[in-house]
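Encoded as structure tokens, the structure appears first; notes follow it.
The structure displayed is predicted, hence computed values, not measured ones.
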Amino acid sequence: MSSLITEDEISHETALVWLEDTTDLDYVRQSLDRLPTRKSKPAYHRDGRMVGYALLGPTAKPSRASGTFRRRVFWLLPHDRDSEPEGLYTKGAPAEAVDPRTLEPRVKGYKTERSEGGPPSTAMQQLGITLPL
């Protein structure tokens with residue numbers, strides 16, 4: 001879950017690679033996956049689709065036990081809001097979801113009013129303010 005990702009676990013990230021435009025996505029799910037390389041596109045074994053992934057720098061160390069690297073992967077499931085706007089996540093978002101506009105290398109991101117399915121208040125919109133949740 002994204003709330004369990006700590007800054008030190010993503011401290012070796014150098015870039016985020018997006019496989020699709022995230023402009024119209026209210027949220028993406030993120031997880032730390034054990035992957036065999038620092039940089040190549042990971043294999044994807046979940047339902048749904050991979051939306052992006054993180055690249056690690058040369059100082060990232062593999063696990064002694066498995067030889068794998070922990071890297072963030074961003075993904076969506078078939079029942080997420082982008083595919084089913086009136087579905088399960090019309091309001092609210094999964095625990096591991098974050099607004100993709102809040103993501104950067106070494107920044108775990110956070111939920112926003114938009115990612116939770118609600119528009120900002122009129123006053124907030126007029127002032128151009130968005131608050132993290």
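Between D99 and S115, the side chains place no donor N or O within less than 3.5 Å of an acceptor N or O (distance only, hydrogens not considered). S31 and R46 share a side-chain donor-acceptor pair at under 3.5 Å.
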Donor-acceptor pairs under 3.5 angstrom involving side-chain atoms of residues 61-68: please list them, not counting sequence neighbours.
from : atom 1 : to  : atom 2 : distance (Å)
S63  : OG     : A65 : N      : 3.3
S63  : OG     : S66 : N      : 3.3
S63  : OG     : S66 : OG     : 3.4
S66  : OG     : T68 : N      : 3.3
S66  : OG     : T68 : OG1    : 2.6

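Considering R72, R106, R70 as possible partners of E13, the one that fulfils the salt bridge (Lys or Arg N to Asp or Glu O under 4.0 Å) test is R72. Paired with D26 under the rule salt bridge (Lys or Arg N to Asp or Glu O under 4.0 Å), one option of K111, R81, K91 passes, and it is R81.
Taking the salt bridge (Lys or Arg N to Asp or Glu O under 4.0 Å) definition, one finds that R29 meets it with D80, E96, sequence neighbours left out. Evaluation of the side chain to side chain contact (heavy atoms under 4.5 Å, CB included) rule for E20 yields L25, R49, V51 as partners, not counting sequence neighbours.
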(request) Report the C-alpha distance between K108 and V98 in whole Å, list the side-chain angles of each, state the deciding distance to 0.1 Å, and finish with yes or no for side chain to side chain contact (heavy atoms under 4.5 Å, CB included). (result) CA-CA 8 Å; K108 68 179 189 173; V98 293; over 6 Å; no
(message) Test side chain to side chain contact (heavy atoms under 4.5 Å, CB included) on H79 and D47; report intermediate values, then the result.
(response) CA-CA 10 Å; H79 62 271; D47 286 342; over 6 Å; no
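For the pair T112 and T102, the minimum side-chain heavy-atom distance is below 4.5 Å.
Nearest heavy atoms, L16 versus A54: CD2-CB, 3.8 Å. Nearest heavy atoms, A93 versus E116: CB-OE2, 3.5 Å. For the pair I5 and I10, the tightest heavy-atom approach, listed with the atom from each and the gap, is CG2-CG2, 3.9 Å.
Taking Ile, Leu, Val, Met, Phe, Trp and Tyr as hydrophobic and joining them when side-chain heavy atoms fall under 4.5 Å apart, one finds L77 in a cluster with V17, L19, L35, Y44, M50, Y53, L55, V73, W75. Hydrophobic cluster membership for F69: L56 (Ile, Leu, Val, Met, Phe, Trp, Tyr linked by side-chain heavy atoms under 4.5 Å, directly or transitively).
Note that CZ of R71 is 15.0 Å distant from CD of E9, once rounded to the nearest 0.5 Å.
Pairs passing the ring pair (Phe, Tyr, Trp, His ring centres under 6.0 Å) check and including a residue from residues 8-31, sequence neighbours excluded, read W18-F74.
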